[in-house]
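Right, one structure below, let's go through it.
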2 protein chains.
Amino acid sequence: MAKHQEIQTELLRRVTRGEWPPGASIPHEAALAEEFGVTRPTIARALRGLVDSGLIERKRRAGSRVALRQSAEVVLRIPVVRDEIEGRGGRYDYLLLDRRVARPPAVVRAALQLPATGRALELRCLHFEDGRPFQLEHRWINLGLLPDAAGQDFVAASANEWLVRQVPYTRAEHVLRAAAATPLEAEALQVDPGSPVFLIERTTWVDDEAITHVRLAHPAASFRIVTRDGR
Amino acid sequence: MAKHQEIQTELLRRVTRGEWPPGASIPHEAALAEEFGVTRPTIARALRGLVDSGLIERKRRAGSRVALRQSAEVVLRIPVVRDEIEGRGGRYDYLLLDRRVARPPAVVRAALQLPATGRALELRCLHFEDGRPFQLEHRWINLGLLPDAAGQDFVAASANEWLVRQVPYTRAEHVLRAAAATPLEAEALQVDPGSPVFLIERTTWVDDEAITHVRLAHPAASFRIVTRDGR
DNA sequence: GAGTGGTCTAGACCACTCG
DNA sequence: GAGTGGTCTAGACCACTCA
């Protein structure tokens, strides 16, 4: 094992064993370098991983401390519906419900940064797992950025699969929330109106131009997101 | 900005803009070092972040390639309720509802890795924003690992604030989902029974021992999670 | 065998921030 | 002002793996 890795493991052990409790300051780099018989950059590298994972906080002049961790940043996989379903051995089906060019509602217009009179390509489609509705997708595509989208019928392949081949996005924003199913969602997802759904709203941009905004609704009973583990 | 960071950003741009498409091989370290006018360790550091995030794959002798499977991972912050509320200028209040030692249900017992007869400290408390219920917390604390918890009353300070001073966690798992409010949740949160709630279930460990399992329920109407920027 | 990545050293300069 | 972390260089050796 690499030295920096061995040192990181040992430092982690000292923290988890309570040798360095939360809030305690730990020796500075020079002292650790001497203790472990390595140079300072090697110690810095060992500490970097602990800082990135939020276990240790460092400040110039003030030194390094074991963090009092109230919260942490966690990494989530926002699943691609087809991969998710096929990944657990399910049968995936796709159905285009609706496709037209229209004026998006204000919320979507803002997300896509369209003018008040702007129009966009609106798509609704359903994704099935083993024949049961799994996800209702309601998407708006910015035709100003992707005029070719108007020529696609999106019957055989979903918009997402087409989009990823057209433009790599440079930025994405996700909003996760719960809501009561709208009548339209309830019908499509075959759940009772007002029953809970899990919503993922994603907007993607290339540089500062919005490509698409999509609302993904899942029946609450059959959907959850689990964090990938920190290490 | 640090050189390695600038270089990483530029390399990321080349990948996301399609200059280096998935599967393409990218110049080796020595070539990049010459191009950017830095030494090889600096290039290595810039690439390390891209490798860690799964964007690039590297093999000795074979060189570096843009990964074929682009993982759609996003980073988000699981907020700390008090920070979140006070951060947007709201008034935060806290109320302990219930506190006892009990046998947890099977789901929690599994999360805490307790034997069938195991007991744990059970807490229920409410967090308010401007006097309105914002989050219902239902927590189980592993007394085997934290016997001192039995001596805390958790009236003035929430369990979370006490816990972070006791032991730093080394691993956490979060499950995010939507559900219909249980009668108990509906009453505490002052919403209609069956109305949607957003649930965060978190288990934290130190090494391989579970510290605590907590279920945080939010009224759907007043809660959402937004991703921190793409990278 | 040779080319590539993986790592480490020794030294250096700088930036930040606390006292 | 001084102590700490943050970073970079120049060079080196090694490990792995492909041809």
Side-chain angles (χ1 to χ4, degrees), chain A residues 1-15 19-69 72-73 231, chain B residues 1-15 19-71 75 168 231:
Chain A
M1 197 191 292
K3 284 186 191 177
H4 71 89
Q5 186 60 50
E6 278 180 19
I7 293 167
Q8 187 179 85
T9 302
E10 167 60 16
L11 299 179
L12 177 61
R13 195 192 64 77
R14 292 184 187 178
V15 172
E19 196 167 325
W20 293 336
S25 69
I26 71 175
H28 55 249
E29 289 189 352
L32 291 171
E34 190 180 358
E35 180 193 341
F36 288 103
V38 298
T39 55
R40 203 158 68 82
T42 303
I43 295 294
R45 183 160 180 194
L47 286 171
R48 199 175 301 139
L50 301 177
V51 171
D52 289 346
S53 69
L55 200 71
I56 282 178
E57 289 168 348
R58 319 188 73 190
K59 263 192 270 187
R60 285 173 168 146
R61 167 74 190 177
S64 307
R65 303 185 156 274
V66 179
L68 294 175
R69 289 216 282 182
E73 293 193 331
R231 67 186 109 251
Chain B
M1 196 192 293
K3 285 187 190 176
H4 71 89
Q5 186 60 51
E6 277 180 19
I7 293 168
Q8 188 179 82
T9 303
E10 167 61 16
L11 299 179
L12 176 62
R13 196 192 62 79
R14 292 184 187 178
V15 172
E19 196 168 323
W20 293 337
S25 69
I26 72 176
H28 55 248
E29 289 188 352
L32 290 171
E34 189 180 1
E35 179 194 341
F36 288 102
V38 297
T39 55
R40 203 158 70 82
T42 303
I43 295 294
R45 183 161 179 195
L47 286 171
R48 199 175 303 137
L50 301 176
V51 171
D52 290 345
S53 68
L55 199 74
I56 282 178
E57 290 167 349
R58 319 187 71 189
K59 263 192 267 185
R60 286 174 168 148
R61 167 72 192 176
S64 307
R65 304 187 154 274
V66 179
L68 284 172
R69 290 174 44 87
Q70 306 281 350
S71 57
V75 178
R231 355 193 165 251

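It should be emphasised that the depicted structure is a prediction, and the values quoted were computed from it without experimental measurement. Each chain gets a letter, A, B and so on, in the order its sequence line appears, and its residues count up from 1.
Rounding to the nearest 0.5 Å places CD of A/Glu19 at 7.0 Å from CD of A/Glu10. Annotation: the span from B/His28 atom NE2 to B/Glu34 atom CD amounts to 9.0 Å, rounded to 0.5 Å. Atom-to-atom distance recorded for B/Ile43:CD1 and B/Glu35:CD is 8.0 Å, nearest 0.5 angstrom. Atoms NZ and CZ, from A/Lys3 and A/Arg45 in turn, are 13.0 Å apart once rounded to the nearest 0.5 Å.
For DNA chain D, the stems formed by at least three consecutive Watson-Crick or G-U pairs, with both atom-pair distances below 3.5 Å, span C:1-18 with D:1-18.
Across A/Glu29 and A/Ala44, no two heavy atoms sit closer than the pair OE2-CB, 3.6 Å. In plain terms, the two heavy atoms of B/Ser64 and B/Ile56 that are nearest each other are CB-CG2, 4.3 Å. Minimum interatomic distance between B/Ala46 and B/His4 (heavy atoms only, all atoms of both residues): CB-O, 3.4 Å.
Toward the 5′ end of DNA chain C lies the nearest nucleotide of A/Thr39, the other residue of the pair A/Lys59 and A/Thr39 mapping further downstream. When each of B/Ala62 and A/Glu29 is assigned the nucleotide of DNA chain D bearing its nearest heavy atom, the one mapping closer to the 5' terminus is A/Glu29. A residue-by-residue look at A/Pro41 and B/Pro41 shows that B/Pro41 has its nearest nucleotide of DNA chain C further toward the 5' end.
Chain B approaches DNA chain C within less than 4.0 angstrom (heavy atoms of the protein), and the contacting nucleotides run 5' to 3' from C/dA2 to C/dC8.
Backbone-only engagement by A/Arg45 is indicated by non-hydrogen atom pairs under 4.0 Å involving sugar-phosphate atoms exclusively.
In this entry the distance linking CD of B/Glu57 with P of D/dT17 reads 14 Å, nearest Å.
Using a distance-only test at 3.5 Å, with no hydrogens or angles considered, no donor-acceptor pair links the side chain of A/Arg40 to the main chain of A/Ala30.
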